[in-house]
A.B. asks: 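Mind looking over this structure? Questions follow.
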Amino acid sequence: MTDLVVPAPGLPTVPTSSGGRFPVRRVYCVGRNYAAHAREMGHDPDREPPFFFGKPADALVTDGADSPYPTLTARLEYEVELVVALGRGGRDVSVADALGLVWGYAVGIDLTRRDLQAEAKRLGRPWDLAKGFDHSAPIGAIVPAAGVDPTSGAVTLHVDGVLRQSGDLAEQIWSVAETIAALSRAVALAPGDLLFTGTPEGVGPVARGSVLRGAVAGVGVVETHVV
Ligand code: MN
């Protein structure tokens, strides 16, 4: 017996490299965290505090699963990103302590309805439906933090085998530790939180039928077929 008045939603989980499953509470994303990407989007990179947006936890697409081309857009774009998976929570976390919250890392793709985002920017409206639509967050297996250096490593994205994005974690404006610390001043972080840490330059459109393959050296890959 239960007093739930509608069926309880399932708990989104992401496979880990060791065969476990990481339960997801929230998905945060940081914007414009690589100078060259900020420039390609028409902004001057600077050291203004990082800004955040979110995606629903059930927008995650596990590695190898299809990503349906979303409605309401003629400009779906890929953004390959390092994803941080938190195993511990906290608030007002110091930069020195921030990496101690991390359970592991994965490769993610921040799929974006760029035309809707541009309209939202122009009209001063929220980004939610430009960024947080169904199936908007492909993610690879989460690997344990031990042995991963989140301060350097090649970040690449191939579309149908052609290299489209190429950067390095060392180019992040705000490091993983600095980003976690900044986010923890805005919200209380908790186990199960994911953080997409921004994308290097080279974002662009993807067509139905294409295969996206993102990779971060030392972390792994994510692949999805846009259908
Ligand atoms: Mn992004």
Side-chain angles (χ1 to χ4, degrees), residues 14 24 26-46 48-57 59-61 63 67 70 73 75-86 105-121 125-140 142 150 153-159 164-176 178-180 182-183 186-187 193-206 212-216 219-224 226:
V14 176
V24 180
R26 294 181 181 171
V27 180
Y28 295 101
C29 306
V30 60
R32 278 176 228 140
N33 200 26
Y34 291 76
H37 173 62
R39 284 189 211 100
E40 77 179 349
M41 298 303 291
H43 298 273
D44 289 326
D46 52 37
E48 289 295 301
F51 69 92
F52 299 93
F53 56 93
K55 291 177 185 261
L60 293 163
V61 175
D63 185 39
S67 296
T73 186
R75 184 85 183 185
L76 179 68
E77 293 199 356
Y78 47 78
E79 300 185 357
V80 63
E81 313 202 355
L82 174 70
V83 181
V84 179
L86 297 187
Y105 297 94
V107 185
I109 302 175
D110 170 11
L111 289 175
T112 301
R113 293 195 279 210
R114 192 71 75 200
D115 42 4
L116 267 61
Q117 186 193 30
E119 181 182 60
K121 288 178 178 177
R125 289 178 178 168
W127 288 10
D128 298 46
L129 295 184
K131 287 287 196 179
F133 51 91
D134 298 338
H135 311 288
S136 58
I139 186 169
I142 300 174
V155 182
T156 57
L157 184 128
H158 287 77
V159 181
R164 296 296 187 189
Q165 286 190 269
S166 182
D168 195 287
L169 295 175
E171 299 161 2
Q172 289 192 333
I173 296 172
W174 295 95
S175 70
V176 168
E178 290 170 332
T179 303
I180 292 169
L183 183 58
V187 289
D193 287 347
L194 298 180
L195 173 59
F196 282 60
T197 61
T199 195
E201 66 189 298
V203 301
V206 58
L212 303 177
R213 182 179 177 84
V216 176
V219 175
V221 301
V222 61
E223 189 167 293
T224 189
V226 179

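Counting starts at 1 for both ligands and their atoms, following the listed order. We use all heavy atoms of the structure for the numbers below, so side chains are in, but hydrogens, waters and symmetry mates are not.
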A.B. asks: Closest N/O/S atom of Asp110 to the Mn ion (ligand 1), by atom name?
C.D. replies: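 Output for this pair reads OD2.
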A.B. asks: Kindly give the atom name of the N, O or S atom of Glu79 closest to the Mn ion (ligand 1).
C.D. replies: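 Answer by atom name: OE1.
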A.B. asks: Can His43 and Arg32 be counted as having a side-chain donor-acceptor contact under 3.5 angstrom?
C.D. replies: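 A donor-acceptor contact under 3.5 Å links the two side chains.
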A.B. asks: Take Tyr34 and Trp174 through the test ring-ring contact (aromatic ring centres under 6.0 Å, His included) and record every step on the way to the result.
C.D. replies: CA-CA 8 Å; Tyr34 291 76; Trp174 295 95; over 10 Å; no
A.B. asks: Checking Gln165 against Thr156: is there a side-chain donor and acceptor pair closer than 3.5 Å?
C.D. replies: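 Thr156 vs Gln165: no donor-acceptor pair found between side chains.
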A.B. asks: Restricting to N/O/S, name the atom of Glu81 that gets closest to the Mn ion (ligand 1).
C.D. replies: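 Distance check against the Mn ion (ligand 1) picks out OE2 in Glu81.
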A.B. asks: Can you confirm whether Thr179 sits close enough to Asn33 that some side-chain heavy atom of one is under 4.5 Å from a side-chain heavy atom of the other?
C.D. replies: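 Contact flag for Thr179/Asn33 side chains = yes.
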